[in-house]
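Notes follow once the structure below has been shown.
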Amino acid sequence: MQTDARTEEQAEFISLMAGGQGYCIEVTKVREIRRWSPVTTLPHAPDCLLGVMNLRGAVIPVLDLALRLGLDRTALTARHVVLIVSAGERTVGLLVDSVSDILRVPRTAIQGTPTLSGADMRLIQGMIALNGEALRVLNMQAVAPTMAEVAA
């Protein structure tokens, strides 16, 4: 039986740039998008944890997504944005270079990640080929560490 493209299950993603590379996050994981503003730093925090922000009375950790992904530290400017995302029971902020677009793709367009020896691919849950580029689909459960993982 042939699948009609109009009835095929679709997935929606927000595409973004971090460390000069293209990524995307499921729309259902993104709570809001905020302009960058300084955060409160924490002593002895891991490098990727920039600090915490007060979001309507809740203290939210803010991660440098590029650094979390093993890329160079983000050189902060007023043009950067923070995505407030949910990762299971956790809510975190992700500092990114920019947010580009909302993508709607068939779920079948999401491909697996390559198996690379020695590489930590758990942060990426899939790939989407789009306009000659490959966007990485972020695994929010792995990207947003628990407080126990942050303290380790």
Side-chain angles (χ1 to χ4, degrees), residues 10-107 109-114 116 118-152:
Q10 299 284 306
E12 288 187 320
F13 296 92
I14 292 181
S15 64
L16 59 102
M17 295 294 286
Q21 298 186 22
Y23 296 91
C24 59
I25 299 174
E26 287 184 68
V27 167
T28 58
K29 305 282 188 208
V30 178
R31 301 278 188 208
E32 65 183 272
I33 301 170
R34 301 175 59 89
R35 290 185 316 155
W36 166 252
S37 60
V39 295
T40 303
T41 58
L42 298 173
H44 307 290
D47 287 343
C48 69
L49 181 62
L50 297 172
V52 294
M53 68 186 303
N54 180 345
L55 183 66
R56 293 180 292 283
V59 176
I60 307 294
V62 178
L63 304 173
D64 181 338
L65 182 58
L67 205 54
R68 177 75 173 121
L69 295 170
L71 304 170
D72 291 334
R73 178 180 300 279
T74 302
L76 295 170
T77 69
R79 296 185 57 112
H80 286 90
V81 295
V82 176
L83 292 175
I84 307 299
V85 299
S86 63
E89 299 295 314
R90 301 180 308 275
T91 300
V92 299
L94 299 176
L95 175 71
V96 300
D97 298 338
S98 63
V99 174
S100 306
D101 207 354
I102 295 179
L103 308 172
R104 189 169 197 184
V105 298
R107 287 220 177 261
I110 303 168
Q111 302 172 22
T113 57
L116 303 171
D120 186 0
M121 294 302 290
R122 66 187 174 88
L123 300 175
I124 308 298
Q125 69 183 28
M127 306 286 290
I128 299 172
L130 186 68
N131 300 329
E133 294 184 39
L135 288 178
R136 299 152 199 93
V137 179
L138 293 172
N139 176 353
M140 293 316 305
Q141 292 285 60
V143 168
T146 63
M147 283 301 135
E149 292 168 332
V150 168

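All values reported here derive from a predicted model rather than from experimental measurement.
In this structure the side chain of Arg136 never reaches within 4.5 angstrom of the side chain of Cys24, judged on heavy atoms. Annotation: side chain of Ser86 is in contact with side chain of Arg31 (closest heavy-atom distance under 4.5 Å). Looking at heavy atoms from C-beta onward, Arg68 lies out of side-chain contact with Leu94 at the 4.5 angstrom threshold. Under the 4.5 Å side-chain criterion, counting only non-hydrogen atoms from C-beta, His80 is in contact with Asp97.
Just one of Asp101, Ile128, Leu130 meets the side-chain contact (heavy atoms from CB on, under 4.5 Å) condition when paired with Phe13; it is Ile128. For the side-chain contact (heavy atoms from CB on, under 4.5 Å) test with Val52, the passing option among Ile60, Leu42, Val92 is Leu42; the others fail. Screening Val81, Val30, Val96 for a side-chain contact (heavy atoms from CB on, under 4.5 Å) with Leu16, the sole residue that qualifies is Val96.
Between Glu26 and Arg107, the shortest heavy-atom contact is OE1-NH2, 4.1 Å.
Within 6.0 Å of atom CG in Asp72, 12 or fewer heavy atoms from other residues, nucleotides or ligands are found, so the atom counts as exposed in its surroundings. The neighbour count for Leu76 CG, taken as heavy atoms of other residues, nucleotides or ligands under 6.0 Å away, is above 12.
With hydrogens and angles disregarded, no donor-acceptor distance shorter than 3.5 Å links the side chain of Asn139 to the backbone of Gln125. Under the 3.5 Å distance criterion, the side-chain polar atoms of Arg90 are matched with a main-chain donor or acceptor of Gln141. For Asp64 (side chain) and Thr74 (main-chain N/O), a donor-acceptor pair under 3.5 Å exists by modelled atom type.
Interatomic distance, CG of Leu135 versus CG of Leu103, reported as 6.5 Å (0.5 Å rounding). Separating the OG atom in Ser37 from the CG atom in Asn54 is a distance of 10.0 Å, to the nearest 0.5 Å. Atoms OG1 and CD1, on Thr28 and Ile14 in that order, are 9.5 Å from each other to the nearest 0.5 Å. For the atom pair CG (Leu95) and CZ (Arg73), the distance works out to 10.5 Å, reported to the nearest 0.5 Å. The distance from atom CD1 of Ile110 to atom CE of Met127, rounded to the nearest 0.5 Å, is 12.0 Å.
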Kindly indicate, with the supporting measurements, whether the criterion side-chain contact (heavy atoms from CB on, under 4.5 Å) is fulfilled by Leu138 and Leu65.
-> CA-CA 10 Å; Leu138 293 172; Leu65 182 58; 3.8 Å; yes
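When the side-chain hydrogen bond (donor to acceptor under 3.5 Å, both in side chains) test is applied to Arg56, the partners found at least two apart in sequence or on another chain are Glu32. Listed by chain and residue number, nothing satisfies the side-chain hydrogen bond (donor to acceptor under 3.5 Å, both in side chains) test with Arg79 (two or more places apart in sequence, or in another chain).
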